Number of protein chains: 2
Amino acid sequence: MAFNKKEEFSAKEQSLAAFTKAISHPARIAILNVLAKKNECICGEIVDVLPLAQSTVSQHLKELKMAGLINGTVDGPRSCYCINWKAFEKFNSDFNSLFEKLKEVNAKCC
Amino acid sequence: MAFNKKEEFSAKEQSLAAFTKAISHPARIAILNVLAKKNECICGEIVDVLPLAQSTVSQHLKELKMAGLINGTVDGPRSCYCINWKAFEKFNSDFNSLFEKLKEVNAKCC
DNA sequence: AAGTATTATCGTATATTTGCGATAATAGAT
DNA sequence: ATCTATTATCGCAAATATACGATAATACTT
């Protein structure tokens with residue numbers, strides 16, 4: 001049991017799900033919020049702001065990076081992150097193409 | 001370990017995370033897509049479309065309902081679901097208030 | 001060369017999610 | 001009253017996610 005059936009869905013569905021999964025934890029939303037507020041890329045400042053251990057924050061950053069939501073480069077002994085806005089634009093576009101258009105057409109039914 | 005630290009984040013962060021968590025699985029996105037396309041509320045038609053067992057689909061529907069993304073009413077021996085567009089509007093608004101505004105201000109940095 | 005500060009990774013424990021089959025619950029049809 | 005079709009729930013197994021401390025890796029400073 002618990003076979004992974006995710007591959008059986010469309011690429012768009014998988015892509016959308018991967019994006020939303022990446023931001024499905026308050027810590028990662030908080031990280032993105034910090035990155036969005038400060039145009040400058042940040043590193044361990046995030047650790048100071050979040051109520052989590054350094055290793056945990058690093059793990060969340062890794063997930064965001066692997067999902068393509070943020071960019072990260074090494075800058076000496078520290079790491080610099082910033083939001084990948086293109087990924088957000090793609091999400092907005094995909095999300096709207098699935099739901100937004102139909103909003104007006106649909107009335108509540110039950 | 002694995003203490004639940006979610007409560008330590010802001011209400012808005014938690015609310016956003018709850019919404020995105022609900023749509024963080026391709027099956028649930030597929031369900032929402034079906035509901036969006038057919039204005040009529042659907043029930044077991046979803047089971048026919050998805051590559052999952054009936055009990056699994058029912059579980060996904062329950063999650064979507066509990067997260068407030070869909071409404072469901074019992075209609076005889078079958079259940080009728082439809083999208084709660086207000087929840088989607090709230091999500092769009094919250095999401096944009098966190099990120100959208102800052103798009104133009106921010107340039108890529110790393 | 002040794003020390004320091006910052007960040008990433010490893011190992012581990014626990015919690016949650018995902019998925020199914022079996023079974024219960026519901027209400028219409030016979 | 002019994003059968004049938006539809007949906008929800010239960011119980012379980014496996015996979016993933018969450019979190020931490022300890023440790024490794026990196027590069028600057030002394």
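So that the names make sense, note that chain A is the first sequence line, chain B the second, and so on, each numbered from 1. Note that the structure is predicted; figures quoted are calculated from it, not measured.
Residue pairs meeting the ring pair (Phe, Tyr, Trp, His ring centres under 6.0 Å) criterion with at least one member in residues 11-39 of chain A, sequence neighbours excluded, are A/F19-A/F88, A/F19-A/F91, A/H25-A/H60.
Atom-to-atom, CG of A/N4 to C1' of D/dA14 comes out at 11 Å; the value is rounded to the nearest Å. The separation between B/H60 atom NE2 and D/dT9 atom C1' is 15 Å, rounded to whole Å. Following rounding to the nearest Å, B/L64 (CG) and C/dT17 (C1') show an atom-to-atom distance of 14 Å. When the C1' atom of D/dT16 is taken as reference, atom CZ of A/F3 falls 16 Å away, rounded to whole Å. For the pair A/R28 CZ and D/dA19 C1', the interatomic distance rounds to 12 Å; values are reported in whole Å. In this structure, A/L52 places its CG atom 8 Å from C1' of D/dA19, rounding to the nearest Å.
Of the candidate nucleotides D/dC20, C/dT18, D/dT18, D/dT18 has the atom lying nearest to any side-chain atom of A/H25.
Looking at residues two or more places apart in sequence or on another chain, you find no side chain to side chain donor-acceptor pair (under 3.5 Å) involving A/K62. Taking A/S55 as the reference, nothing meets the side chain to side chain donor-acceptor pair (under 3.5 Å) condition, with sequence neighbours excluded. Taking A/K6 as the reference, nothing meets the salt bridge (Lys or Arg N to Asp or Glu O under 4.0 Å) condition, with sequence neighbours excluded. For B/Q59, the side chain to side chain donor-acceptor pair (under 3.5 Å) test picks out no residue, with sequence neighbours left out. Remark: A/P77 pairs with no residue by the side chain to side chain contact (heavy atoms under 4.5 Å, CB included) rule, at least two apart or across chains. Residues that satisfy the side chain to side chain donor-acceptor pair (under 3.5 Å) test with A/E45, not counting sequence neighbours, are A/K38.
When the nearest nucleotides of DNA chain D are assigned to A/V57 and A/D75 by heavy-atom distance, the more 5′-ward of the two goes with A/V57.
Paired with B/I31 under the rule side-chain contact (heavy atoms from CB on, under 4.5 Å), one option of B/L61, B/L52, B/L69 passes, and it is B/L61.
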Under 4.0 Å protein heavy-atom contact, by nucleotide of nucleotides 4-11 of chain C - B base, S sugar-phosphate only: --BBBB--
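Between A/K5 and C/dC20 there is a side-chain N or O to OP1 or OP2 distance below 4.0 Å. Between A/K21 and C/dT17 there is no side-chain polar atom (N or O) within less than 4.0 angstrom of OP1 or OP2.
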Show, in sequence, the C-alpha distance, side-chain angles and deciding distance for B/R28 and B/I23, and conclude whether the side-chain contact (heavy atoms from CB on, under 4.5 Å) test is met. CA-CA 6 Å; B/R28 292 196 287 273; B/I23 54 175; 5.7 Å; no
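For the segment residues 12-20 of chain B, no residue has any heavy atom less than 4.0 angstrom from an atom of DNA chain C.
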